[in-house]
**Student:** 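Quick one: this structure, given as structure tokens, is what I'll be asking you about.
Computed from a predicted structure; not experimentally measured.
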Amino acid sequence: QVQLVESGGGLVQAGGSLRLSCAASGRTVSIYAMGWFRRAPGKEREFVASIRWSGDSTYYPDSVKGRFTISRDSAKNTVYLQMNSLNAEDTAIYYCAGVTAGRSILEADYWGQGTQVTVSS
């Protein structure tokens with residue numbers, strides 16, 4: 001089993017930045033990729049970013065590409081999401097996720113508890 005704990009959410013003004021962290025513990029050797037998702041009020045969960053645990057590939061949807069950057073520190077078993085140029089549409093609960101066995105992050109095996117990001121306009 002893998003446990004994921006997010007931190008770094010909060011309130012920020014439009015145009016500002018936040019960095020989210022996700023610390024993984026437990027059987028981290030089984031992790032193939034990590035990612036971030038978000039759920040805004042009244043909307044479906046949305047994929048935000050992913051990174052292979054090896055660090056050689058990252059993926060973003062067009063909605064955040066160029067503004068968000070995912071990275072990882074393998075020594076700390078931590079994944080980060082740097083979010084710049086935030087706008088009101090980025091307001092959501094952000095969830096960290098992990099997947100094993102070479103599968104897509106969209107089939108995540110593990111989830112964090114979520115951290116709230118609120119962007120004020």
Side-chain angles (χ1 to χ4, degrees):
Q1 286 285 354
V2 173
Q3 295 77 42
L4 304 176
V5 179
E6 303 100 332
S7 60
L11 175 65
V12 63
Q13 288 189 332
S17 300
L18 276 177
R19 189 178 80 157
L20 305 182
S21 300
C22 175
S25 61
R27 190 173 165 76
T28 57
V29 294
S30 66
I31 297 174
Y32 171 71
M34 298 280 290
W36 291 91
F37 293 76
R38 66 186 180 186
R39 187 188 296 273
K43 294 187 177 181
E44 297 290 320
R45 185 175 63 198
E46 177 188 15
F47 166 70
V48 174
S50 68
I51 185 168
R52 290 186 186 174
W53 201 237
S54 62
D56 58 348
S57 296
T58 58
Y59 301 92
Y60 307 92
D62 289 342
S63 58
V64 306
K65 194 173 294 182
R67 300 189 299 124
F68 290 10
T69 302
I70 189 170
S71 61
R72 99 277 182 260
D73 184 332
S74 56
K76 296 182 178 180
N77 286 332
T78 299
V79 171
Y80 304 97
L81 184 67
Q82 178 66 43
M83 305 185 294
N84 299 327
S85 301
L86 287 163
N87 57 62
E89 288 68 40
D90 296 314
T91 294
I93 299 174
Y94 284 71
Y95 298 90
C96 178
V99 69
T100 61
R103 293 178 291 118
S104 166
I105 193 63
L106 300 179
E107 302 175 69
D109 298 297
Y110 306 107
W111 293 90
Q113 81 287 354
T115 185
Q116 177 71 46
V117 172
T118 303
V119 183
S120 63
S121 56

**Student:** Would the distance check show the side chain of Arg72 and the main-chain N or O of Ser54 forming a donor-acceptor pair, the cut-off being under 3.5 Å?
**Tutor:** yes
**Student:** So, taking the atom named OH in Tyr94 and the one named CG in Leu18, what distance separates them when rounded to the nearest 0.5 Å?
**Tutor:**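 Separation between the atoms: 9.0 Å.
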**Student:** Just distance, no hydrogens or angles: give the donor-acceptor pairs under 3.5 Å from side chains in residues 19-37, sequence neighbours left out.
**Tutor:**
residue, atom, partner, partner atom, Å
Ser25, OG, Gln3, OE1, 3.4
Ser30, OG, Arg27, O, 2.7
Tyr32, OH, Arg52, NE, 3.3

**Student:** Are the side chain of Gln13 and the backbone N or O of Ser121 linked by a donor-acceptor pair below 3.5 Å?
**Tutor:** no
**Student:** Can you confirm whether the side chains of Ser71 and Gln82 place a donor and an acceptor under 3.5 Å from each other?
**Tutor:** no
**Student:** I need the minimum non-hydrogen distance between Val12 and Leu86, along with the two atoms involved.
**Tutor:**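 It is CG1-CD1, 3.6 Å.
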**Student:** Give me each pair satisfying disulfide bond (SG atoms under 2.5 Å apart) with a member in residues 44-84, each pair once, sequence neighbours excluded.
**Tutor:**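 Found none.
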**Student:** Which distance, rounded to the nearest 0.5 Å, do you find between the OG1 of Thr100 and the CG of Asp109?
**Tutor:**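 Between atom OG1 of Thr100 and atom CG of Asp109 there are 3.5 Å.
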**Student:** Considering residues at least two apart in sequence or located in another chain, which fulfil the salt bridge (charged side-chain N to carboxylate O under 4.0 Å, His left out) criterion with Glu107?
**Tutor:**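 Scan of Glu107 (salt bridge (charged side-chain N to carboxylate O under 4.0 Å, His left out), adjacent residues dropped) gives Arg103.
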**Student:** Rounded to the nearest 0.5 Å, what separates atom CD1 in Ile93 from atom CD in Gln113?
**Tutor:**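 It comes to 10.5 Å.
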**Student:** Just wondering, do Tyr95 and Arg39 contact through their side chains at under 4.5 Å, heavy atoms?
**Tutor:**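 In contact.
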**Student:** When you compare the side chain of Ser120 with that of Leu11, does any pair of heavy atoms fall below 4.5 Å?
**Tutor:**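 Yes; the side chains approach each other to less than 4.5 Å.
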**Student:** Is a donor from one side chain sitting under 3.5 angstrom from an acceptor on the other, for Thr78 and Asp73?
**Tutor:** no
**Student:** Tell me whether Thr91 contacts the main-chain N or O of Thr118 through its side chain, where contact means a donor paired with an acceptor under 3.5 Å.
**Tutor:**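 No, Thr91 side chain to Thr118 backbone: no donor-acceptor pair under 3.5 Å.
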**Student:** In the structure I gave you, are the side-chain heavy atoms of Val64 and Phe47 within less than 4.5 Å of one another anywhere?
**Tutor:** no
**Student:** For Ala92, is there any backbone N or O sitting under 3.5 Å from a side-chain donor or acceptor partner on Arg38?
**Tutor:** no
**Student:** Can you confirm whether Tyr110 sits close enough to Gln1 that some side-chain heavy atom of one is under 4.5 Å from a side-chain heavy atom of the other?
**Tutor:** yes
**Student:** Are Val5 and Trp111 grouped together when hydrophobic residues (ILVMFWY) are joined by side-chain heavy atoms under 4.5 angstrom apart?
**Tutor:**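 In one cluster with Val5: Trp111, no.
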**Student:** Start with the C-alpha distance between Ile70 and Tyr80, add both sets of side-chain angles, then the distance that settles side chain to side chain contact (heavy atoms under 4.5 Å, CB included), and finish with yes or no.
**Tutor:** CA-CA 6 Å; Ile70 189 170; Tyr80 304 97; over 6 Å; no
**Student:** Do Val117 and Asp90 make a side-chain contact, defined as non-hydrogen atoms from C-beta onward lying under 4.5 Å apart?
**Tutor:** no
**Student:** Are Ser17 and Met83 side-chain neighbours, meaning at least one heavy-atom pair lies under 4.5 Å?
**Tutor:**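 No, too far: nothing below the 4.5 Å cut-off.
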**Student:** What distance do Glu6 atom CD and Gln116 atom CD have between them, rounded to the nearest 0.5 Å?
**Tutor:** 12.0 Å
**Student:** State plainly whether one hydrophobic cluster holds both Phe68 and Val119, where clusters connect Ile, Leu, Val, Met, Phe, Trp and Tyr through side-chain heavy atoms under 4.5 angstrom apart.
**Tutor:** yes
